[in-house]
Amino acid sequence: MSSRWAIAGGGRLDLAPVIPARRYMRPRHALLAALIVCALHYDAAGPAVAQSWPTRPLTMVVPFAAGGGTDVLGRIVGRRLSEILGQQVIIENVGGAGGMVGSARVVKAAPDGYQFVLGSRADAINQTLYKNPLYNFATDLAPVVLIADQPTLLVARKDFPADNLREFIAYAKANQASMQMASAGAGSTGHLDCMLLNAAIGINVTHVPYRGGGPAMQDLIAGRIDYFCTLSATAKQQIEGKLVKAIAILSRDRSSMLPELASAQEQGLNFEASTWFGFFLPRGTPEPIIQKLHDATVEAMETPSVQERLKEVGAVTVAPERRSPAYLQKFVASEIEKNAAPIKAAGIAID
């Protein structure tokens, strides 16, 4: 009697002739044979699965609300990524805890390449800012590629009685007890940047956290809050429409997105703030899948239309030498350490 087991990858394991185990094979021998077949099947199937990936739509988790700077950048890259991979990249906004809820979801996801997160400096910040972070950013996610850097802006309600940083500082010092600042959530990059800016200025202002930059911007437009530290993508359209007032760009230099807006450095304050973005998969994702997502993302980053759209929102794609998974792994560790120092110095902590 002859039997065959198909093995993924094109081969077949032919165990012929085989005497029926039910009559002649000892139970432990039957079990051993079954384990060998399963092992051979797994080894052959693994590379084949990675090679054919993706065969269905993917989910990009954006750990902040729709309309914020992280969301805008994710959609710009995701649209082109769908074309390159030949499968739809679905954007899912999973906000909460300064981005930790969305990233933690991907940490727990199956390591099959079908769910990844648009991580950022917020993930590095949260490792120190929160007393009990939901995951270890340095070890619980597989780094794929660093994508872009984006500056932070200081924006105020349109009727705020200051037109530049010097006037803003003077007004805030005199009226801090009655002022309110917004953020995209406790622990978000904007929250930390505004807290550090407040410390640099010497003021203490009430913090109003939202579930993302979009909702916070809506309340700033409505005049319910006084100011907001946010990514340039969140504020550009509102600034140009005169719905909010731009006070300063917090990068060292001016941005091509808003070339008329002076930096904090130019306005006499030695302060700098920006963030970065990159893709991360669940730990344990097969290396070939990590590499395919990396290569597809780099191709998307190098697409002229993508670069133009990113430039329009103030983001700049990183240099080629900063794009490898190995670089991102080391970069994450350095960012956790770098952001820990000012957080501890300012005494900022969240339970």
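Only this structure's heavy atoms are used, side chains among them; waters, hydrogens and symmetry mates stay out.
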[atom1] of [X]: more than 12 outside heavy atoms within 6.0 angstrom?
| X | atom1 | answer |
| --- | --- | --- |
| Asp159 | CG | yes |
| Glu337 | CD | no |
| Arg211 | CZ | no |
| Asn204 | CG | no |

How close do [X] and [Y] get, counting heavy atoms only, and between which atoms?
| X | Y | result |
| --- | --- | --- |
| Arg75 | Asn93 | NH2-OD1, 3.1 Å |
| Lys173 | Ile201 | CE-O, 3.0 Å |
| Ala262 | Gln267 | O-NE2, 3.2 Å |
| Leu146 | Tyr327 | CD2-CE2, 3.8 Å |
| Leu197 | Cys229 | CD2-SG, 4.2 Å |

> Does any donor atom in the side chain of Gln291 or Asp295 lie under 3.5 Å from an acceptor atom in the other side chain?
Replying inline: yes

> Quick one: do the Arg121 and Thr189 side chains pair a donor with an acceptor below 3.5 Å?
Replying inline: no

> With a 4.0 Å cut-off, would you call Glu308 and Lys311 a salt bridge?
Replying inline: no

> Does the distance from a Lys or Arg side-chain N to an Asp or Glu carboxylate O, for Glu240 and Lys236, drop under 4.0 Å?
Replying inline: yes

>> With side chain to side chain contact (heavy atoms under 4.5 Å, CB included) as the criterion, how do Ile221 and Val244 come out once you've worked through the C-alpha distance, each side chain's angles and the decisive distance to 0.1 Å?
In response: CA-CA 6 Å; Ile221 293 171; Val244 299; 3.8 Å; yes

>> Does the plane of the ring in Tyr135 sit parallel, tilted or perpendicular to the ring in Phe137? Use 30° and 60° as the thresholds.
In response: perpendicular

>> Does the plane of the ring in Phe168 sit parallel, tilted or perpendicular to the ring in Tyr227? Use 30° and 60° as the thresholds.
In response: perpendicular

